[in-house]
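I have placed the structure first, in the form of structure tokens, so that the comments after it can refer back to it.
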Amino acid sequence: MDIFIGDERACDERGAQEFAKQISSKPASVLGLATGSTPEGIYERLVDKYKAGQVSFASVKTFNLDEYLGIPINHVSSYSYYMYDKLFNHVDIQKNNINLLCPCPNSIDKECMDFEAAIKACGGIDLQILGLGPNGHIGFNEPGTPFESTTHLVELTESTIEANSRFFESPDQMPRQAITMGIKTIMQAQRIILMAKGQKKAHIIKEALTGPVTTRVPASVLQLHPNVLVILDRQAAAML
Ligand code: GLP
């Protein structure tokens, strides 16, 4: 596991460089993308790199980690909206190469199975970016999720509802359920970047990277992956 520590700007630049490098070595890369505040700076820089002619998404395929359930797809707090707003609307990606979980599927089981099948059909994810929940979740894999899990329905924990309700107009609008790639799905990516920022993540970063590998801290499973880069700002790295 490699660890990069820097100020916020350096972290965003390092993350964006990793994506640009991946795409230039394989233009038809399959990228696993995340939402939340943590990767926003990476997407901003990737848009800059695209505008400067340094990277093209023309052949790239993407899969997003997760999505809330029970809101319309165009809801401003949906992860679908986030991805178009922060990245897809500003680069040359082809719409049919974008894979997002639906927040209002006809069948949740089918949505999960189709998503897994689509990842396999593309040959698997080359590079996956992950943020970190305050309880150690990756995607929406909450503590206790089996390491063998594939894409599935999740009942969100109080900790996650509390952490993410800031993205909704009022806390009661925050969905209580979500769909997420499973831990096995994430672990099958060729390369993973785990990114965390801020003092609020310092404790859980220490547990995830240096504590026991346990389903109680979902991100601790990354200790078992052979190709992980951890990108931390100084506050998130403070307890290492
Ligand atoms: C959500 C997402 C996670 C993300 C986490 C951290 O719960 N499902 O994938 O990593 O938020 O969010 P933030 O980056 O805003 O701290």
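Numbering of ligands and ligand atoms starts at 1, following listing order. Every value quoted in this text rests on a predicted model; they were computed, and no experiment measured them.
The ring pair (Phe, Tyr, Trp, His ring centres under 6.0 Å) search around F147 returns none, not counting sequence neighbours. Every residue two or more places apart in sequence or in another chain that forms a ring pair (Phe, Tyr, Trp, His ring centres under 6.0 Å) with F115 is listed here: F63.
In summary, E18 and R14 engage in a salt bridge, as defined by a charged side-chain N under 4.0 Å from a carboxylate O. Electrostatic pairing of E155 and R176 does not count as a salt bridge here, judged by no charged N lying under 4.0 Å from a carboxylate O.
Residue pairs meeting the salt bridge (charged side-chain N to carboxylate O under 4.0 Å, His left out) criterion with at least one member in residues 102-114, sequence neighbours excluded, are K110-D114.
At a heavy-atom cutoff of 4.0 Å, ligand 1 is surrounded by G36, S37, T38, L65, D66, Y79, G131, L132, H137, G139, F140, N164, R166, F167, K201.
Using cut-offs of 30° and 60° on the angle between ring planes, the pair Y82 and Y43 is perpendicular.
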